[in-house]
Colleague: 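Quick one: this structure, given as structure tokens, is what I'll be asking you about.
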Amino acid sequence: MDIQLYSKNKHHILYDAEQVPQITEQWFVPDWWQKEAQVSEPSGGRGQAFFIHRHNPQSDLVLRHYRRGGLAAKISADYYLFSGLEKSRAWQEFKLTQQLFESGLPVPRPIAAHIQRVGLFYQADLLTERLPDTQPFARYLNDHNELDDQQRQHLWQQVGKTIALFHRAGLNHSDLNANNILVNTLQQVWLIDFDRCQLQPPSPQWQRKNLARLQRSILKLSQKSELPTALWAKLEAAYQS
């Protein structure tokens, strides 16, 4: 990767010049892309993320705008206190994703991070390469999908193996849920969304918290009262191996 910095007025962009030789702040405006590509929202996107289907692409892109959640969103939907570029959420996520990508872990390639200063605050965006032909793991939690029993078991095993790869590398994923695990038709697995994640020494304490968070999301997204124990056992066995 050839990481470069572009700054103009109150806009600052950290980007991979190998993938994007030239970039401007317009790359982070969905309406601007309508002239250059087809823009769509993933299901449940609610304006947070957009898929950019370029007409003459090296690859399609995912544009994500940082938005607050919980009670903080009632005060400010997408403004964060600025305390330097290096401490901004977009900068940190870009650099962490870059490190994971260059380590050979299955993550999308980071393309660019964008900060717009607004007084004492900032807004932020992240642009990554879109992983082709992938769906969230959440899509396969419902019993009514195209997988047979053997394929379903294999998928859960692949998810367990993939999480173990990241845990051995020291990634503490702050939001490990079934929507942040992507799967393609060959049942290859990737992790996404590394906002507020950290690299730290492997520890059973935070690793089990990651897995417990995933369990809660599976229950919530599958709308079931109980975890599918046989499938979770497959995931855990693959994780431990």
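In this chain, residues are counted from 1 in sequence order.
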Colleague: I need the Asn142 CG to Lys224 NZ distance, nearest 0.5 Å.
Modeller: 6.5 Å
Colleague: Looking at Asn177 and Asp175, would you say the former's side chain and the latter's main chain have a donor-acceptor pair under 3.5 Å?
Modeller: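 Yes, Asn177 side chain to Asp175 backbone: donor-acceptor pair under 3.5 Å.
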Colleague: What is the minimum heavy-atom distance between Gln22 and Val20, and which atoms define it?
Modeller: O-CG1, 3.0 Å
Colleague: With the side chain counted from C-beta on, respond yes when Gln98 and Glu102 share a heavy-atom pair under 4.5 Å apart, and no when they do not.
Modeller: yes
Colleague: If only atom types and distance count, is the side chain of His173 paired as donor or acceptor with the main-chain N or O of Ile192 below 3.5 Å?
Modeller: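 Confirmed, His173 side chain pairs with Ile192 backbone.
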Colleague: So does Asp195 get a backbone contact from the side chain of Ser174, meaning a donor-acceptor N/O pair under 3.5 Å?
Modeller: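 Such a contact is found between Ser174 side chain and Asp195 backbone.
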Colleague: Quick one: does any side-chain atom of Gln187 pair with a main-chain N or O of Gln151 as donor and acceptor, under 3.5 Å?
Modeller: yes
Colleague: Please determine whether the number of non-hydrogen atoms from other residues, nucleotides or ligands lying under 6.0 Å from atom CD of Glu146 exceeds 12.
Modeller: yes
Colleague: For residues Trp156 and Tyr140, establish whether the separation of their ring centroids is below 6.0 Å.
Modeller: no
Colleague: Side chains of Phe137 and Leu221: closer than 4.5 Å at any heavy-atom pair?
Modeller: no
Colleague: Are more than 12 heavy atoms, taken from residues, nucleotides or ligands other than Gln34, located less than 6.0 Å from that residue's CD atom?
Modeller: yes
Colleague: Check whether any side-chain heavy atom of Asp16 sits under 4.5 Å from a side-chain heavy atom of Ile3, and report yes or no.
Modeller: yes
Colleague: Is the centre of the Tyr239 ring less than 6.0 Å from the centre of the His167 ring?
Modeller: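 Yes; His167 has its ring centre under 6.0 Å from that of Tyr239.
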Colleague: Using 0.5 Å steps for rounding, measure from the CD atom of Gln158 to the CG atom of Leu235.
Modeller: 10.5 Å
Colleague: If hydrophobic clusters are built by linking Ile, Leu, Val, Met, Phe, Trp and Tyr wherever their side-chain heavy atoms come under 4.5 Å apart, do Ile163 and Trp206 end up in the same one?
Modeller: no
Colleague: For Val183 and Leu155, what are the C-alpha separation, side-chain angles and deciding distance, and is it a side-chain contact (heavy atoms from CB on, under 4.5 Å)?
Modeller: CA-CA 8 Å; Val183 182; Leu155 173 57; 3.5 Å; yes
Colleague: Under 6.0 Å from the NZ atom of Lys220, do we count more than 12 heavy atoms belonging to anything else shown?
Modeller: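 It does not: Lys220 NZ has 12 such atoms or fewer within range.
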Colleague: side-chain hydrogen bond (donor to acceptor under 3.5 Å, both in side chains) with His11: which of Glu25, His114, Arg117, Gln26?
Modeller: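 Result for side-chain hydrogen bond (donor to acceptor under 3.5 Å, both in side chains) with His11: His114.
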Colleague: How close do Phe94 and Leu14 get, heavy atom to heavy atom, and via which atoms?
Modeller: CD2-CD2, 3.6 Å
Colleague: With the side chain counted from C-beta on, respond yes when Phe166 and Leu105 share a heavy-atom pair under 4.5 Å apart, and no when they do not.
Modeller: yes
Colleague: What pair of heavy atoms forms the shortest contact from Arg89 to Tyr122, and how long is it?
Modeller: N-OH, 3.1 Å
Colleague: If I take atom CG from residue Asn179 and atom CD from residue Gln135, how far apart are they, to the nearest 0.5 angstrom?
Modeller: 11.0 Å
Colleague: Short question: side chain of Glu129, backbone of Pro108 - any donor-acceptor pair under 3.5 Å?
Modeller: no
Colleague: Same cluster for Tyr6 and Trp32 if Ile/Leu/Val/Met/Phe/Trp/Tyr side chains link at under 4.5 Å?
Modeller: yes
Colleague: Just by modelled atom types, is the Ser59 backbone N or O under 3.5 Å from a matching donor or acceptor in the Arg130 side chain?
Modeller: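 No; zero donor-acceptor contacts below 3.5 Å.
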Colleague: Got a sec: does the CG of Leu81 have more than 12 other heavy atoms crowding it under 6.0 Å?
Modeller: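 Atom CG in Leu81 is crowded, with more than 12 foreign heavy atoms closer than 6.0 Å.
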Colleague: Are side-chain heavy atoms of Phe50 and His65 found at a separation under 4.5 Å?
Modeller: no
Colleague: Does the side-chain contact (heavy atoms from CB on, under 4.5 Å) test come out yes or no for Leu131 and Asn184, once each step is laid out?
Modeller: CA-CA 9 Å; Leu131 297 167; Asn184 70 5; over 6 Å; no
Colleague: Before you tell me yes or no, could you show the steps for Gln123 and Asp78 under side chain to side chain donor-acceptor pair (under 3.5 Å), namely the whole-Å CA-CA distance, both residues' side-chain angles and the distance that decides it to 0.1 Å?
Modeller: CA-CA 6 Å; Gln123 294 174 301; Asp78 60 352; 2.9 Å; yes
Colleague: I need the Asp149 CG to Leu231 CG distance, nearest 0.5 Å.
Modeller: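 CG of Leu231 is found 8.5 Å from CG of Asp149.
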Colleague: State yes or no: do Leu100 and Trp190 share one hydrophobic cluster built from I, L, V, M, F, W and Y residues joined by side-chain heavy-atom distances below 4.5 Å, directly or via other members?
Modeller: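 No, separate clusters.
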Colleague: What closest approach, in Å, do Leu96 and Leu171 show between heavy atoms, and which atom pair accounts for it?
Modeller: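 So the two residues come closest at CD2-CD1, 4.0 Å.
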Colleague: Would you say that more than 12 heavy atoms from the other residues, nucleotides or ligands in this model lie under 6.0 Å from the CD of Gln200, or not?
Modeller: yes
Colleague: Heavy atoms only: give me the nearest Leu141-Ser222 pair and the separation to one decimal.
Modeller: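 Taking every non-hydrogen atom into account, CB-CB, 4.0 Å.
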Colleague: Between Phe28 and Ile23, is there a side-chain heavy-atom distance shorter than 4.5 Å?
Modeller: yes
Colleague: Please round to the nearest 0.5 Å and tell me the distance separating atom CZ of Phe194 and atom CG of Asn180.
Modeller: 8.0 Å
Colleague: Apply side-chain contact (heavy atoms from CB on, under 4.5 Å) to Thr128 and Arg109, showing your working.
Modeller: CA-CA 6 Å; Thr128 58; Arg109 184 175 189 137; over 6 Å; no
Colleague: If you group Ile, Leu, Val, Met, Phe, Trp and Tyr by side-chain heavy-atom gaps below 4.5 Å, do Ile181 and Leu211 land in one group?
Modeller: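 The answer is yes; both residues are in one hydrophobic cluster.
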Colleague: Look only at the side chain of Trp33 and the backbone of Trp27, and say whether a donor-acceptor pair between them is shorter than 3.5 Å.
Modeller: yes
Colleague: Quick check: closest heavy atoms across Gln4 and Ala17, and the distance to 0.1 Å?
Modeller: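 Taking Gln4 first and Ala17 second, the nearest heavy atoms are CG-CB, 3.7 Å.
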Colleague: Which value, rounded to the nearest 0.5 Å, describes the distance between Asp133 atom CG and Thr185 atom OG1?
Modeller: 6.0 Å
Colleague: Are Gln150 and Gln153 packed together at the side-chain level, in the sense that at least one heavy-atom pair is separated by less than 4.5 angstrom?
Modeller: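 Answer no - side chains too far apart.
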Colleague: Determine whether Leu182 and Phe101 fall in the same hydrophobic cluster, where Ile, Leu, Val, Met, Phe, Trp and Tyr are linked whenever their side-chain heavy atoms lie under 4.5 Å apart.
Modeller: no
Colleague: Please test Asp60 against Phe51 for side-chain contact (heavy atoms from CB on, under 4.5 Å), starting from the C-alpha separation and ending with a verdict.
Modeller: CA-CA 7 Å; Asp60 287 349; Phe51 293 150; over 6 Å; no
Colleague: Parallel under 30°, tilted from 30 to 60°, perpendicular over 60°: which one fits the rings of Phe121 and Tyr79?
Modeller: perpendicular
